[in-house]
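First up is the structure itself, then whatever we jot down about it.
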Amino acid sequence: MSTALSPAPAVPTVRTRRARPRISVPLVLALLWIAIVVIGAIAAPLLTPYDPVKQDLANTLALPTASHPLGTDGLGRDILSRLLHGGQVSLLGALLALVVAFVIGVPAGLTAGYFRGGRWDAISARIIDLLQSVPVIVILLTILAVTGKNVYTAMAVFGLIVSPVFFRLARDGAAATSAELYVDAAKVYGLRSPRIIARHVLPNVRNPLIVQATIVLSLALLTQAGLSYLGLASPPPAPSWGGSVADANTYINQQPWMLVPSGLVLVLTILAFTVVGDAVRDAIPGNAGTGRGVMVARTPLPADATPVDQRGSMLSVVGLSAAAGETPLLTDVSFELRRGEILALVGESGSGKTMTAMSIIGLLPTGVEATAGRIVLDGDDLLTLPESELRHVRGRRIAYIGQEPMVSLDPAFSVAHQIDESLRLHRTLDRRARRDEVRRLLAQVKIADVERVARSFPHELSGGMAQRVCIAMALAAEPELLIADEPTTALDVTVQADILELLRELCRERTMAMIIVTHDFGVVADVADRAIVMLHGRIIENAAVEELFDRPSHEYTAGLLAANPAMRGDEHAVWYADEEASTR
Ligand SMILES: Nc1ncnc2c1ncn2[C@@H]1O[C@H](COP(=O)(O)OP(=O)(O)OP(=O)(O)O)[C@@H](O)[C@H]1O
């Protein structure tokens, strides 16, 4: 008897129409068998005319007859009655072990994984190590010696001892899932951690947990049979499957048949659980590839200027500095953003563009802190807002879209579900109105086949479609400001210009401001009204886009423009995108 269980693979679930177990003959037979034993155990008193403990010493060790379909045992008791009644004890005991293991292991594992690296992660890891180091049989025997022979006590203790398997599975799955961008996106939308764990993390570790559950059920049945065989879990004359095997073993020489029904019930039930577990495991698809492209879209400078509200700024970043410990990452970053304005943060890799954007939504990476400055959104200093209030700002007033649309969407939910979640969180609409709004938003981001896309799961979308869905989710809360971090970097070149065009249109229609993070001057030219050039965590230039391209005031900017393949280096690094686009 061992609990050296190796967890089922923590492959994230992708709940799609393809993810259902394939119906096969063994699966149907397994489910049928499980149904038979469960119904048989529940309805045992109705199905059997005999008392399972009533002896008939005149009719012992009988082979099957019409009145005793499975024969009688060494004390003349009806074997079928004992198996049916014994099923109650055996199945309930196995279920109890599973529930205990699940209730202890899964919530603890999910929280440890979600807050990985935290105090609870460290403490729970020690407790689990301790639980896994105890010799199972010794503990079970000690507990049974102290509490008396009771199958349910034994199974509850067994559940506790195998709970680390669920813990590790849930922890690893949650740790992997919580690193996904769609979990970050859920935080950005303002969801609380328990809700994110329940709605986004748990569904993605669900299938491996189900597989593990079938393994634990089988193991619990075997352990119970072993303990009953030793007369420890369900002492005679109480019926149990393990006890029936033990009885059969006593009379193996006089009546070998006795071993057939009890052994078969046990073996077939364990086999059935295994087949169901295998079917669930086989239904877990692999990770879908997302396909990446390198983009250099070049379209003319926008002829139609975004209507920028000239009345003053909606967002003021004043003297913002951030550091990772002693290392400064942002130094004295200051800029203003007006309603409806599109501002590009541009610069080479590591210049601090993302750090600036993340400071605004209050999601700096662990270990990085804003050390000085103010970020004022319509009068509120976001740097001093408590997390509870900041959550209402994220998603609601400031929305965010990332560079990897495929991983920003939760693979476990349909498009409609994910947009609906954003609506439920930020708007007060009834179910019907939300349904209509989901369709309206999808149409607004120029998705043609709205109904089909609404029903689709992320893996069924192209990169461009997925980014449109992310934009629709961001728009669901009707934000004042959209932060787009390299929104077209992961998209095919043919799609990039369309997405940029869409973003520009949406900002114009909604008078929504946008901060777009990019290292690509082509993107700047496509969408932005104003651009900020960053270098080593500082702003080195802040200018209207035309001015930046025509008369860069900083040598570094001129150098960057000249280095861009879309530029022809002349004295002022003049922008030739118009010409290039016209020849495309
Ligand atoms: N989690 C972190 N802890 C400490 N330093 C970090 C962390 N993430 C990024 N940095 C550092 O902060 C600086 C700014 O990074 P940031 O991600 O803002 O650059 P970026 O301009 O957006 O670059 P890229 O275009 O490559 O994303 C870089 O020096 C980077 O190495």
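Atoms considered below: every heavy atom in the structure, side chains included; atoms not considered: hydrogens, waters and symmetry mates. As the structure lists them, so they are numbered: ligands from 1, and atoms in each ligand from 1.
Close N/O approach between Val368 and ligand 1 is not found [any backbone or side-chain N/O within under 3.5 Å]. In terms of N/O distances under 3.5 Å, ligand 1 is not approached by Val517. The shortest N or O to N or O distance between Thr356 and ligand 1 is not under 3.5 Å. In terms of polar-atom proximity, defined here as any N/O pair under 3.5 Å, Ser349 does make such a contact with ligand 1. Looking at His519 next to ligand 1, no N or O pair under 3.5 Å apart turns up.
Taking a 4.0 Å cut-off on heavy atoms, Gly347 fails to register as neighbouring ligand 1. At least one heavy atom of Glu486 lies less than 4.0 angstrom from ligand 1. Every heavy atom of Gly367 sits 4.0 Å or more from the atoms of ligand 1.
Taking the charged nitrogens against the carboxylate oxygens, Arg168 and Asp172 have no contact shorter than 4.0 Å, which rules out a salt bridge. The pair Asp121-Arg126 does not meet the salt-bridge criterion, since no charged nitrogen lies less than 4.0 angstrom from a carboxylate oxygen. Electrostatic pairing of Asp529 and Arg504 does not count as a salt bridge here, judged by no charged N lying under 4.0 Å from a carboxylate O. In this structure, Glu437 pairs ionically with Arg427, as a charged nitrogen and a carboxylate oxygen lie closer than 4.0 Å.
With a heavy-atom cut-off of 4.0 Å, Leu329 touches ligand 1 through its side chain alone.
Under a 4.0 Å criterion applied to the non-hydrogen atoms of Ala324, ligand 1 contributes the atoms 4 (C). Those atoms of ligand 1 that come under 4.0 Å of a heavy atom in Glu348, given as number and element, are 21 (O). Atoms of ligand 1 lying under 4.0 Å from at least one heavy atom of Pro365, given by number and element, are 1 (N).
No more than 12 heavy atoms of other residues, nucleotides or ligands shown are found within 6.0 angstrom of CZ on Arg374. The local environment of NE2 in His554 is crowded, with over 12 non-hydrogen atoms from other residues, nucleotides or ligands closer than 6.0 Å. The environment of CZ in Arg439 is crowded: more than 12 heavy-atom neighbours from other residues, nucleotides or ligands sit within 6.0 Å.
Of the protein's non-hydrogen atoms, the one nearest atom 28 (C) of ligand 1 is Gly350 O, 3.6 Å. Looking only at protein heavy atoms, the nearest one to atom 25 (O) of ligand 1 is Lys353 NZ, 3.0 Å. In terms of protein heavy atoms, atom 7 (C) of ligand 1 is closest to Met355 CE, 3.7 Å. Residue, atom and distance of the protein heavy atom nearest to atom 27 (O) of ligand 1 are Thr354 OG1, 3.6 Å.
Residues Phe335 and Ile515 meet the side-chain proximity criterion, which asks for heavy atoms closer than 4.5 Å. You'll find the side chain of Arg510 reaches within 4.5 Å of the side chain of Gln444, heavy atoms only.
For atom 31 (O) of ligand 1, no protein heavy-atom neighbour is found at a distance under 4.0 Å. Within a 4.0 Å radius of atom 9 (C) of ligand 1, the protein contributes at least one heavy atom.
Paired with Thr488 under the rule side-chain contact (heavy atoms from CB on, under 4.5 Å), one option of Ile499, Asp498, Val527 passes, and it is Ile499. The residue from Met355, His536, Glu369 that alone fulfils the side-chain contact (heavy atoms from CB on, under 4.5 Å) condition with Leu329 is Met355.
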